[in-house]
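In what follows, a single structure is set out as structure tokens and then discussed.
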Number of protein chains: 2
Amino acid sequence: MGGPKLPEQERCDTILAAAYQIALTEGLDAVTARRVATAAGISSGLVFFHFQSKDGLLQALLDVLLDGTLDALTDPALAALAPWDRLERMIRVELDRLVQYHAGVELLFAFYFARRDEVFRARIEASFGRYHDAFLPVCREAVGTAVPVGSGSTIATTGAPGAPGAPDAPDAPDESAGTRAGSPAGGVSADDLATSVVALIQGASIQAIRNPAAVDPEALLATVRALRPRPAERS
Amino acid sequence: MGGPKLPEQERCDTILAAAYQIALTEGLDAVTARRVATAAGISSGLVFFHFQSKDGLLQALLDVLLDGTLDALTDPALAALAPWDRLERMIRVELDRLVQYHAGVELLFAFYFARRDEVFRARIEASFGRYHDAFLPVCREAVGTAVPVGSGSTIATTGAPGAPGAPDAPDAPDESAGTRAGSPAGGVSADDLATSVVALIQGASIQAIRNPAAVDPEALLATVRALRPRPAERS
DNA sequence: GCCTACATTGATCACCGGGTCAATGGCGCG
DNA sequence: CGCGCCATTGACCCGGTGATCAATGTAGGC
């Protein structure tokens, strides 16, 4: 009994990797101390030695899962784009990520729905909240600088780019009367837009879990694009 | 030992009600034969007598959960409305339902993510699929009859987006731009619209679970409304 | 009233989960 | 070399789970 010593961090990583692997392939329920230990090639007791309890292990696992989730959305390269382009780009990036890591996303949902523990929920919800926050600024910009059709001034959005690969987007609701309070030009307020975008992405994440191959980012993007006001419009 | 006889159906309903109650308030994990039996005021063995296994119990529970999910969307009263109004109405009804029965929706997700069993998943996914199907016809109508503005419905798609307001498409992964056929007047094809609507609602359902009070149906409806083409003016 | 059919009981089994712990191994240091 | 520290082991405990089953009570037909 007794085994080769390994540096603390490395052992923890080994265990976590094993746990992650099991969770991804066999579900969260399959993550038991014994199975993780076996998969990691160690004894069960060691799991409790490094993480004090199973809860500790799962917390750490959630850390891994949540780590770096929002990095793609803060890519500085995005700052260069005009608001609507940036928004579109962010959505595309996010959708691609969801499809690519659908197993991880599924695991995240499993965490949320299986463990009703307050701590887990709070952290995941916080992550979702940051999601919304990440989209709000762009939405504000997009809505704000959106449609200068009536009141001239700057058309900042449309600088020089001659729109080489301009997508379809035939026409858009140019002058819709904003029934909703605080609803500026585009017909949607920034908050409404952000809320909708987040809902759209979250909904897509569920579809990505159901059938990753069937998710069509273009369908959702086409919808978003239709929201985009067009200053000059043919009739 | 031995107890008062009750008609088969009634006993089953009693057990199911108890199981449902426990599942709603304490989560799916808390649904054990013993707890259900205690809550129903019977002995544990009886649970297995009526439902052969715990799986059987859960199947029946899922039945209860899935039953009548789509009824509201086929309300004949909806047929009288114009397409876009009907679509809007359906979404509103659905969102309200999600908020009202958020606990049930959460339970549904718990079923989906906790039990990775094929049977459960298949049934829930089928339900989601029907969801999509329920929205498709309206979307078709809405897109089709959408914009009598100017000329014939068919041009739009890739006609000639003068693209004054369309800066460079972010990355335009070739497939997107022109090839996205079947996108009539509104800027979105019927399928895209249906996909987006379903995603929107599913996303909203997640938010409803997080915090039912914070869900703002108007925000999402405002977005949908912004998708609606305005020929001239409406109220 | 009796007897068959069946709902009902609760003790019981095998199993598996989280968590503990004394014993043991290796490793560095004096 | 010897000593002590600590990672490591795996057997062990306890509780809870799904499931079984002989025994028992009740209802309804004759």
Side-chain angles (χ1 to χ4, degrees), chain A residues 1-23 25-62 110-111 114-120, chain B residues 1-23 25-62 110-111 114-120:
Chain A
M1 330 316 177
K5 281 195 180 180
L6 243 65
E8 166 93 5
Q9 190 56 31
E10 193 175 331
R11 235 325 76 114
C12 282
D13 287 351
T14 305
I15 298 175
L16 270 181
Y20 191 74
Q21 175 71 16
I22 292 176
T25 57
E26 305 185 56
L28 209 49
D29 297 331
V31 178
T32 74
R34 272 176 254 266
R35 292 187 68 129
V36 169
T38 302
I42 60 176
S43 75
S44 64
L46 207 51
V47 174
F48 294 97
F49 180 80
H50 286 294
F51 310 86
Q52 295 80 343
S53 61
K54 181 180 178 178
D55 227 67
L57 175 65
L58 290 183
Q59 291 284 358
L61 193 54
L62 184 57
F111 260 109
R115 317 255 343 170
R116 290 164 53 102
D117 187 275
E118 266 306 314
V119 189
F120 285 87
Chain B
M1 332 314 178
K5 279 196 177 177
L6 243 65
E8 165 94 6
Q9 190 56 34
E10 194 174 331
R11 226 345 57 123
C12 281
D13 287 351
T14 304
I15 298 175
L16 270 182
Y20 191 75
Q21 176 70 16
I22 293 177
T25 58
E26 306 184 57
L28 251 188
D29 299 332
V31 179
T32 74
R34 270 175 255 268
R35 293 188 67 128
V36 169
T38 301
I42 60 175
S43 74
S44 63
L46 208 51
V47 174
F48 293 97
F49 179 80
H50 286 294
F51 310 85
Q52 293 81 339
S53 61
K54 181 181 177 179
D55 227 67
L57 175 64
L58 291 183
Q59 292 283 357
L61 192 56
L62 184 58
F111 260 109
R115 318 251 346 167
R116 290 164 53 100
D117 187 276
E118 265 306 314
V119 188
F120 285 86

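As a basis for the values below, the full set of heavy atoms in this structure was taken, side chains included, without hydrogen atoms, waters or symmetry mates. Below, chains carry the letters A, B, ... as their sequence lines are ordered, and counting in each starts from 1.
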Length of the line joining [X]:[atom1] and [N]:[atom2], which is rounded to integer Å:
{"X": "B:D29", "N": "D:dG18", "atom1": "CG", "atom2": "C1'", "answer": "15 Å"}
{"X": "B:D117", "N": "D:dG18", "atom1": "CG", "atom2": "P", "answer": "15 Å"}
{"X": "B:F49", "N": "D:dT24", "atom1": "CZ", "atom2": "P", "answer": "18 Å"}
{"X": "A:D13", "N": "D:dA7", "atom1": "CG", "atom2": "C1'", "answer": "16 Å"}
{"X": "A:D55", "N": "C:dG17", "atom1": "CG", "atom2": "P", "answer": "17 Å"}
{"X": "A:L46", "N": "C:dG25", "atom1": "CG", "atom2": "C1'", "answer": "13 Å"}
{"X": "B:I42", "N": "C:dT9", "atom1": "CD1", "atom2": "C1'", "answer": "11 Å"}

In chain order, what residues pass the side chain to side chain contact (heavy atoms under 4.5 Å, CB included) check against B:F48, with sequence neighbours excluded? B:A33
Residue pairs, two or more places apart or on separate chains, that pass salt bridge (Lys or Arg N to Asp or Glu O under 4.0 Å) and touch residues 28-54 of chain B: B:E26-B:R35
Picking from [options], which would you name as closest to the side chain of [X]?
{"X": "B:K54", "options": "C:dA11, D:dG18, C:dT8", "value": "D:dG18"}
{"X": "A:T32", "options": "C:dG19, C:dG17, D:dG18", "value": "C:dG17"}
{"X": "B:F48", "options": "C:dT9, D:dG18, C:dG19", "value": "D:dG18"}

Nearest atoms (heavy-atom pairs only) where A:L46 meets A:I15: O-CD1, 4.4 Å
Indicate yes or no: at least one non-hydrogen side-chain atom of B:Y20 is less than 4.5 angstrom from one of B:V31. no
Hey, does the side-chain of B:R34 have a donor or acceptor N/O within less than 3.5 Å of a partner on the base of D:dG16? no
5' priority, DNA chain C, between A:R35 and A:G45 [closest heavy atom]: A:R35
